[in-house]
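I have placed the structure first, in the form of structure tokens, so that the comments after it can refer back to it.
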Amino acid sequence: MTFFDFLSIVVGVLLLVIAFLAINSKKLINSVLFLSALSMLAVVAFVLMKAPDVAITEAVIGSGLVTSLFVFTLLSVREEKLK
Amino acid sequence: MRKLFGLAITFALGLVIILALNNTVNFPAFGEVNLSERISGAYLSEDNVEEVGSANLVTSIVIGFRTFDTLGEVTVLFISSLGVAFILGRKKQKRMNLNFKPNFMLRVGSNILLAIILVTSFYIILHGHLSPGGGFPGGAMIASSVLLLYLADDRFRSNIKGFKLLEGFAGSLFVIIGLLGLVFATAFFANYLPTGTIGNFLSAGIIPIIYVLIGLKVGSEIAGIIDNFLTEEERA
Amino acid sequence: MIQYASIFLFVLGLYGLFINKNVIKLIVSLNVMEIGLFIFIISIGYVGDNAIAPIISNTQDLGLIYVDPLPQALVLTAIVIGVGTTALALAIAKSIYNTYQTFDLDEMEESA
Amino acid sequence: MTILSYIFLIIGALFFLLGGLGVFRMPDTFNRIQAGTKATTLGAFSIIVGVLFGSVENHLDWIPKLIIIIVFIVISNPVGSSTIAKATYRSKNIPDNLIQDDLKERGEKQ
């Protein structure tokens, strides 16, 4: 078993566990944060498979922009509930 | 109970997909691909690489061989940002109150970080034909610097009209450069500038110019989406 | 190995689309499906452990073994489009909330 | 030069280990911020210095990029940790055994 196989097994199992948590968690904000962690793990998978361009793009977009869009949606809703 | 049943069914579906992929002749196993049988083998041949002149082969496919495809994808992004503006845009707008007063450290620190992020994003855009990166991640980094300004300053409003103007300018210049290919060469988006030697900063013909335009277009579109999400209707 | 994980990631996103009744959770499930699909398409182009990333420094390097650059080029643009579609879906979710005051599909049906 | 770079890399890895251990072991949020940012700032700093010493011989063009990364980490880590600390204070999740509360004396509301 090579080092690549070992790393890919670890990354694959973590991907599945975090995806299950993201889909099944009760609070919406936890689900969004698990989605962010999932895209960071996807960056590791892209680097493992020698795709640096895709890894940079996913790191910028998946961790920052998509998460911020989800959080802004949840924030606007919570403010309206307070009023 | 219903959840367990659904999990079992989807697990079975995954097994069926894996078995179906393993038994076909046309789908080689993971890591045992012969590139010369694929269409990518032609992209990796010496004549084609010389013709485009980009050191990053992914860039030479995105902007060199498949530019028309990229034009369509940029159009899809434009339409989705238009849809967001159509759904969320109101007449009387005010900025969403994030209920946060920035202190001195956050204000000064975010200004210095903004400069570093902008310099890095332009570096990534300009070196798209030499190193990993290019217009798409660089444009997303420009948009994330706008996001940083929104988060660090509670009064900041971006100039949304300026972004719209920049986006239209970059998009139309992108198409005009493509149309000039019909004049100076034979085809739409033909590479009519000298390509230079592979690996130099000034090489690859029209690829760096198009990538800068794509970066500006993507950045201004995503910044417009962020601005639409952070505004809400003004209550009287 | 990582190819099987990506297929199960896709299927897990499908499971999330089946069981969830919350609009935000549905969009999260769509994003999980999207990530699984990206990893699968990248894994199609992986050539072997001795291959290197498709960046050359001069034309003599073309004799080396590279991974397939075509799936990477397709995924690169698809990720950026994913942001646009996610933003559009979230905007629709926001306007759904403004109409029904809830994200839950069942409560929406009761109030209608 | 190579031995110097290895020494710095080992120091950096050690501080990363201590930072990760601190996040697990510390009792409340403020202490965890302390462990998670201060130790890892020094860790990242020494790892990059180690790479810098290692790249003097072969990769001279890496040096300006590494210096920019150092500046980025040195600015972004304290700003982020102070913002997290402020958010923790406002979320009323502060420990009971707080001896001095400067923000309350300055009239900030929780």
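Every chain is numbered from 1, with letters handed out A, B, ... down the list of sequences.
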Nearest-0.5 Å distance, CD1 of residue C:I24 to CG of residue A:L35: 11.5 Å
CG on C:L12 to CZ on A:F20, rounded to 0.5 Å: 7.0 Å
Please round to the nearest 0.5 Å and tell me the distance separating atom CG of C:L90 and atom CG of A:L74. 8.5 Å
Chain A contacts: which residues in residues 34-41 of chain C have a non-hydrogen atom closer than 4.5 Å to it? C:I35, C:F38, C:I39
Nearest atoms (heavy-atom pairs only) where C:V28 meets A:A22: CG1-O, 4.2 Å
Return the CG to CG distance between C:L88 and A:L69, rounded to the nearest 0.5 Å. 11.5 Å
Where is the tightest heavy-atom contact between C:G16 and A:I23, given as atom of each residue plus distance? CA-CG2, 3.5 Å
In terms of heavy-atom contacts, C:K94 and A:S76 come closest through CE-OG, 3.3 Å
Given heavy-atom pairs under 4.5 angstrom as the criterion, report whether the side chain, backbone, both or neither of C:I19 touches chain A. side chain
Which one wins on heavy-atom pair count under 4.5 Å against chain C: A:A45, A:G62, A:S39, A:S31? A:S31
Quick check on A:F34 against chain C: is it the side chain, the backbone, both or neither that has a heavy atom closer than 4.5 Å? neither
Could you tell me which residues in residues 46-56 of chain A have at least one non-hydrogen atom under 4.5 Å from a non-hydrogen atom of chain C, sorted by residue number? A:F46, A:L48, A:M49, A:K50, A:A51, A:P52, A:D53, A:V54
Counting heavy-atom pairs closer than 4.5 Å to chain A, which one of C:I42, C:V32, C:N31, C:V80 comes out on top? C:I42
Going from CG on C:N22 to CG on A:L28, what distance comes out if it is rounded to the nearest 0.5 angstrom? 5.0 Å
Tell me the closest heavy-atom pair linking A:G12 and C:A5, and the distance in Å. CA-CB, 3.7 Å
Pairs of heavy atoms under 4.5 Å with chain C: top-ranked of A:D5, A:N24, A:L65, A:L7: A:N24
Tell me, do C:F8 and A:L15 make a side-chain contact under 4.5 Å, heavy atoms counted? no
Looking at C:P71, C:S43, C:A73, C:A87, which one has more heavy-atom pairs under 4.5 Å with chain A than the rest? C:S43
Taking C-beta and beyond as the side chain, do C:V75 and A:T57 meet within less than 4.5 Å on heavy atoms? no
With heavy-atom distances below 4.5 Å as the criterion, would you say the side chains of C:Y4 and A:L16 are in contact? no
Nearest 0.5 Å, please: how far is NZ in C:K25 from OG in A:S25? 5.0 Å
Most chain C-contacting option - heavy-atom pairs closer than 4.5 Å, from A:I18, A:V66, A:I61, A:V11: A:I61
